[in-house]
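Below: one structure, written as structure tokens.
We name chains A, B, ... by the order of the sequence lines, and we start the count at 1 in each one.
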Amino acid sequence: MDLMFDKLKILADSAKYDVSCSSSGVGRKNNGIIGSGAKEGICHTWSADGRCISLLKVLFTNKCVYDCEYCVNRRSADSPRASFEPEELARLTIEFYRRNYIEGLFLSSAVEVSPDHTAERILYCLRILRREYGFAGYIHAKIIPGVSQELLHDIGLEADRLSVNIEMPTSKSLELFAPQKKPKQIFSPMRQITNTLIERKSLQGPGTMFKGQDLNSPLNYLTPDQTLSIGAGQLRENQNKSAAGEKTALVRARKKEVFAPAGQTTQMIIGAGEETDRQILTTTENLYHTFKMKRVYYSAYIPVVSSPLLPGPFTVPPLGREHRLYQADWLLRFYGFSAGELLDDDNPNLDPELDPKITWALRHLDHFPVEVNKAPMDLLLRIPGVGVLSAQRILRQRKARSVRYEDLKRMGVVLKRAKHFLTCSGKYYGETNFAPDSIRNQILEINDGVQISMFGGDGSGLLTAGVERKKVEHHG
Amino acid sequence: MVDYLYDETFEGLLTCIYHHYYTEKASGIFPKDAYQSTMLGGCMEIETEEHKAVTVYEAIEKKISSWDLKRIYKVFMSSTEQKECKILNYVRLGFVKGPGIRLLHGDPIVFPVQEAEQKVNAEVHRMKGLIRFSELEEGILYSPIEPDHDIVEFLARHFSDRFKNEPFIIHDAKRNKALVAYHGSWYISHFTKENLSSHSKEEAEYRRLWKSYFENMAIKERINPRCQKNMMPVRYWKNLTEFQL
Ligand code: SF4
């Protein structure tokens, strides 16, 4: 047990910088011996940094043969090393799960010996869990770049969610910080996952971004020679490679097996390189459009190792920036915004003081005020202070009776912000003259002192196991 | 107009609503044990009668909807102030508006009920995560909780499916009742901690592993206790393994 104690410590310690802990996306009754999936995800506890703990998040091994600049586990770093045995990790997961400590397992890994060697051991562990223990809970498996198509496929049959880290928002940073990871090695598994999901008609896409579209049409298959426009001049797949080596996964479609029903996500580190928010958000949007991922996560760079290439050891992690990026990401996924609307040449970075929806509204005052008793859903969603849930309530109540100004607060609208941007049956309730500067100042005054806690309930997503979080209202 | 006093059962509450329509209009409905007579209109103690309760039950189902009936039951199980009066108002408006009542999100009668229901739903969701089982000697999983609202019943479906092959007890220590489940079936019963057997041999080890995992997960550069407490109010901590020795 003491051996286990140390192992868990080492292997959890290196996994904790991975931001995603979401257990959402699959609603499944107990079709095995123990476990089930909750569509909305469930948080089991919150660590002292305020992040939700939903899954047992560990590395399978941290004995790495790679040498990524930003990573504690890189070969040249002097840190304690350990690897799990497949059986012992499966057992630990079950014992934690029985006690309801966790919602499932998030298994990531360093590269021990080779990507395939590591992936094989991970696959073995997942099979013990699923087949011997009859585990029907949530499994998120991280795919190491360079893993063979067969292994990836087999892991996808055991896991609920797969992710391949894009690591950096631009190819320049990737080259600089993770020289052994090539864009092709990252995009090729991403593409395989998307194609397999299309083939099984289970690709869902992020939030409500593709609402009403058939993502699973064969037309959406990604071909290897297709340019993946991950940002103009940003991360771009190396195009001059032969497509011959890549056989499509189409052949192996065995209908009954479920492949990664909770879809695909990815993660990038921000603040290590010199990217602007605009580059980051454009890459994000391209990942959504190309691979139809469920989510893109950001992880504020934390100086865990010192390197001449990286920001110094005393750099404060850009948490505020990360928070604004999550807000912007939320606007992409649920509010019908595009990256180009939120940021442009004149405004390459998000306003640190105000949330991106307000900033956008202030730059587009000609769209406002919006009449809440007439406007369609997409316009309601553009009003700062009106979230998805309150917009739906407004629409529903309008069917029965018109919405009065007093009703709005009870519907979850944040009037302090919203009142500047709407009319209710023709009446405007903002107190100031209708000009960007005075509205901005008004809103900032309110924010002062009662500044919403850095990660408090505003769609940062780190805090909740849920992706959709239907029950919690976001006032975007 | 009269204040009705009832025995704090759901049937009792429905019986009061029956009397509101067939005996005398209610100025309010209150638990009889906690009632302090201040009203001028006087009060009347109502005896719970099954057939009257059933009449109201079915009327709500038919004239409003079964969805609203569930909503009303959840509000009844909540610890919201004056929940009986809120329910009475809701039912009265519901009989006028029919199933459309739920669309009136901003209405001053609908809102308090919607809000109370949301609080119950939120705590049920939260508890799905915050339940902590300990393994007892016989292999039974046992979890004490002290929820704000009377929710053990609403946890039954989730846990009895998830742990269908594990016998378990979720014990509401505040209300001396428990959800007892095995093999997918369950019941609610009166329960106290007496005679509970001790932890299994392995229990201490897994607790230690979990506690260490939990502490280790916090990234020190991001420490934010306020946020932690926001997401997980301190009143829940005492039953969480990760905060115990
Ligand atoms: S592959 Fe790179 S990022 Fe991953 S563990 Fe190894 S050194 Fe770290």
| task | Quick one: list whatever passes side-chain contact (heavy atoms from CB on, under 4.5 Å) with A:K16, sequence neighbours left out. | result |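 Scan of A:K16 (side-chain contact (heavy atoms from CB on, under 4.5 Å), adjacent residues dropped) gives A:D13, A:R51, B:N216, B:M217, B:I219.
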| task | Test B:W210 against A:I102 for side chain to side chain contact (heavy atoms under 4.5 Å, CB included), laying out the working first. | result | CA-CA 10 Å; B:W210 169 243; A:I102 53 169; 3.9 Å; yes
| query | Taking every heavy-atom pair that is under 4.5 Å apart, which of B:E203, B:R126, B:M127 has the most such pairs with chain A? | reply |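 Sorted descending by pairs with chain A, the first entry is B:E203.
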| task | May I ask you to name which of B:H105, B:Q114, B:E221 has the most heavy-atom pairs under 4.5 Å with chain A? | result |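 Most pairs with chain A among the choices: B:H105.
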| task | Give, as side chain, backbone, both or neither, the part of A:L56 having an atom under 4.5 angstrom from any heavy atom of chain B. | result |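 Both parts, backbone and side chain.
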| query | Which bit of A:K57 is near chain B, if near means a heavy-atom gap under 4.5 Å: side chain, backbone, both or neither? | reply | both
| request: Would you please classify the geometry between the A:F96 ring and the B:Y206 ring as parallel, tilted or perpendicular, with 30° and 60° separating the classes? | output: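 Answer is perpendicular, since the angle exceeds 60°.
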Per-residue contact mode, [X] against chain A (heavy atom under 4.5 angstrom):
| X | answer |
| --- | --- |
| B:E215 | neither |
| B:L141 | side chain |
| B:K220 | neither |

| Among A:D407, A:I302, A:L8, A:T45, who wins on heavy-atom pairs under 4.5 Å with chain B? | A:T45
| said: Only pairs of heavy atoms separated by less than 4.5 Å count here; which of A:Q397, A:R393, A:E103, A:R396 has the most with chain B? | reply: A:R393
Within 6.0 angstrom of [X] [atom1], more than 12 heavy atoms from elsewhere:
| X | atom1 | value |
| --- | --- | --- |
| B:Y57 | OH | no |
| B:K193 | NZ | no |
| B:K97 | NZ | no |
| B:Y187 | OH | no |

| request: Quick one: pull up CG in B:L209 and NZ in A:K9 and give me the separation to the nearest 0.5 Å. | output: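 It is 11.5 Å, given to the nearest 0.5 Å.
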| request: Look up atom NZ in A:K399 and atom CG in B:L103, then write down how far apart they are to the nearest 0.5 Å. | output: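 A:K399 NZ to B:L103 CG: 6.5 Å, rounded to 0.5 Å.
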| message | Checking an interface table here. Which of residues 59-91 of chain B come within a heavy-atom distance under 4.5 Å of chain A? | response |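 Not one residue of residues 59-91 of chain B has a heavy atom under 4.5 Å from chain A.
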| task | Would you please go through residues 157-168 of chain B and name the residues with a non-hydrogen atom below 4.5 Å from one of chain A, in numerical order? | result | B:H158, B:F159, B:D161, B:R162, B:F163, B:K164, B:N165, B:E166
| Do the side chains of B:H125 and A:E40 get nearer than 4.5 Å, heavy atoms only? | yes
List the atom pairs, donor and acceptor, that lie under 3.5 Å between side-chain atoms in residues 130-138 of chain B and the rest of the protein, sequence neighbours left out.
| unit_1 | atom_1 | unit_2 | atom_2 | d |
| --- | --- | --- | --- | --- |
| B:R132 | NE | B:E242 | OE1 | 3.0 |
| B:R132 | NH1 | A:N100 | O | 3.2 |
| B:R132 | NH1 | B:G129 | O | 2.7 |
| B:R132 | NH2 | A:H44 | O | 2.5 |
| B:R132 | NH2 | B:E242 | OE2 | 2.9 |
| B:S134 | OG | B:R207 | NH2 | 2.7 |
| B:E135 | OE1 | B:S200 | OG | 2.5 |
| B:E135 | OE2 | A:R98 | NH1 | 2.8 |
| B:E135 | OE2 | A:R98 | NH2 | 3.0 |
| B:E137 | OE2 | B:S198 | OG | 3.2 |
| B:E138 | OE1 | B:S197 | OG | 2.9 |
| B:E138 | OE2 | B:S197 | OG | 2.8 |

Minimum heavy-atom separation for [X] and [Y], please, with both atom names.
| X | Y | result |
| --- | --- | --- |
| B:F214 | A:S47 | CE1-CA, 3.9 Å |
| B:L104 | A:A400 | CD2-CB, 3.8 Å |
| B:G106 | A:R410 | O-NE, 2.6 Å |

| message | Salt bridge check, B:E202 against A:R91: does any charged N sit closer than 4.0 Å to a carboxylate O? | response | yes
